[in-house]
Amino acid sequence: MKHATSALQIAITITAVFLALLTLLESWFFINVNPLGMYFIVLFVLIIIFLFTVLFLFKIKKLEATEANFIDTLKKFESNYLTLQVEKNKILSIITSFSDGILILKNNGTIDIINSQAERILGVLAKEVLHKPLLDLEVHFPRINTVGSLLLSDVKYSFTKELKIEKDLIIQIHVNPLFVKREYMGKLIIFHDITKEKVVAEMKTDFISSVVHQLNGPLSAMKLSLEMLLHGDFGKMRKEQKEVIEKLNQKNKVLVTLVGDLLSMARIEERYSYHYTPVDLEGVIHSVVALNKDEIEIKKITYKFEKSKAKFPKIMLDKEKINLVIQNLFENAIKYTHVRGKITISLKEINGNAELAIKDSGIGIPESQQKKLFTKFFRGTNATKLHVVSSGLGLFIAKNIVEAHKGKIWCKSKEGKGSIFFISIPMRRVDSVRS
Ligand code: ADP
């Protein structure tokens, strides 16, 4: 409506000018215009001018709206850009001030971002390595050479690995692939220097080992003497004397077990002491059972080993430590099973994992206490009543060892009915192992 009024005003003005011009033409050049014809011409011109002006004004209005929209979009774009810049700067300052080393690799393997901590850990300067392919840098920088194959490995999932880069430099490396809308863009690598923690842990382990070793000698000597006394090697003892010595022997056994478990614990806490070799798990089970043959016979326990017909393949394990796990679980099964009870061991391959189950018909573990299983010094209330030699460290040690093999350990148990302890360890077959 506003446009129509403005257009009408403009049209009337132009027509008035046109009329004035026509009148001038008439008076100056004595041209005689037919009054009716003139009215028609004036009306026609008026309508045409009106229509054009309306159209023109609408176009202008539309253009103004488009321009306003455009300016609005530009403003939004500018503010988004500024926000992005601020966010980018924030991320960059986090990366630079981060106490861990950070490295971002593009999907073509070139270094996109490196912070000063990563420079220190990798023994490089940013200007020497930025925007260069990591593969080409391996030749010039020995530390990059050590971590290179790990960082460039073609895995599209996050993983963490501890690596001894040099004698006094142990690093925990977290590799996280970066995806944008499912498209692989590269990797974010975090280097966490754990050298100090490892040194402290090693010192602690050394301390425990030396104390425990010091205790081990006298305790073993005591054990020997007490057993000789009980055998009557130094003459026959009176009943009361024998009872006291038997009690002493029992207490001494507890101490020997505790010292043995503390020694194993000190060893398992040192992750670098793991030595993986091809291991025949069936063989390990047989040897553990053979070692406990006497106890099985004394308690008249029915024992069964369920295995598949085909020979179980050799897999990469630390034999000594896995032996310790199976021994702990099997000894527990015997210890916590009544006379004439039943123990069954089964070994299967399930989804690429070696799954071992040790089932017994023993005292079981009270449900409310099961969440404490596998923690240091845990002992079930029903187990403490049994007067068996125990330290409460066996399952803790077993869990540590299984987890160091990237496996899992768990238990299903019902008090008074029995327990099943399971171990599942990823099977690294001998032929699939790269050194
Ligand atoms: P220990 O047997 O020397 O006490 P472990 O760490 O091996 O130490 O076991 C911790 C506790 O878990 C035991 O004291 C016992 O209460 C419970 N436990 C372990 N294995 C069994 C089992 N097979 N049956 C019943 N209880 C068990």
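One is the number of the first residue; the rest follow in order along the sequence. Whatever order the structure lists them in is the order used to number ligands and atoms, beginning at 1.
Protein heavy atom in closest approach to atom 3 (O) of ligand 1: Ser391 N, 2.9 Å. The protein atom (non-hydrogen) at minimum distance from atom 11 (C) of ligand 1 is Phe378 O, 3.5 Å. The protein atom (non-hydrogen) at minimum distance from atom 23 (N) of ligand 1 is Asp360 OD2, 2.9 Å. Here the heavy atom of the protein found nearest to atom 21 (C) of ligand 1 is Tyr336 CD1, 3.4 Å. For atom 26 (N) of ligand 1, the closest non-hydrogen atom of the protein is Ile365 CG1, 3.3 Å. Nearest protein heavy-atom contact of atom 16 (O) of ligand 1 is Gly380 N, 2.7 Å.
Short contacts between ligand 1 and Leu373, defined as distances under 4.0 Å to a heavy atom of the residue, involve ligand atoms 12 (O).
In this structure the side chain of Ser424 never reaches within 4.5 angstrom of the side chain of Ile350, judged on heavy atoms. At least one side-chain heavy atom of Leu356 sits less than 4.5 Å from a side-chain heavy atom of Ile285. Two residues are said to be in side-chain contact when any heavy atoms from C-beta on lie closer than 4.5 Å; Ile322 and Ile425 meet this criterion.
With hydrogens and angles ignored, the 3.5 Å screen pairs no side-chain donor or acceptor of Glu282 with any backbone N or O of Lys311. Side-chain atoms of Gln370 come within 3.5 Å of backbone atoms of Ile365 as a donor-acceptor pair (strictly under, hydrogens ignored).
With Asp193 as the fixed residue, the side-chain contact (heavy atoms from CB on, under 4.5 Å) test singles out one of Arg120, Gln172, Lys198, Gln117: Arg120.
For ligand 1, the polar-atom distance check against Gly394 finds a nitrogen or oxygen pair separated by under 3.5 Å. For ligand 1, the polar-atom distance check finds an N/O of Gly392 within less than 3.5 Å of one of the ligand's N/O atoms. Considering backbone and side-chain N/O of Phe396, none are found under 3.5 Å from N/O of ligand 1.
Residue contacts with ligand 1 include Gly364, since one of its heavy atoms falls under 4.0 Å from the ligand. Ligand 1 lies within reach of Lys335, whose nearest heavy atom is under 4.0 Å from it. Within the 4.0 Å heavy-atom shell around ligand 1 one finds Phe421. Between Leu393 and ligand 1 there is a heavy-atom distance shorter than 4.0 Å.
In this structure, of Asp261, Leu329, Asn328, Asn332, the residue bringing a heavy atom nearest to atom 20 (N) of ligand 1 is Asn332.
His405 and Tyr274 have perpendicular rings, their planes meeting at more than 60° on a 0 to 90° scale where under 30° would count as parallel.
Contact record, Lys335 with Lys299: O-NZ, 3.4 Å, taken as the closest heavy-atom pair. Considering all non-hydrogen atoms of both residues, Glu128 and Leu137 come closest at O-CD2, 4.1 Å.
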What verdict does the ring pair (Phe, Tyr, Trp, His ring centres under 6.0 Å) test give for Tyr184 and Phe179, after you've listed the backbone C-alpha separation in whole Å, the side-chain angles of each residue and the deciding distance to 0.1 Å? CA-CA 5 Å; Tyr184 175 65; Phe179 290 95; 5.7 Å; yes
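Counting heavy atoms closer than 4.0 Å to ligand 1, residue Leu395 contributes atoms from both its backbone and its side chain.
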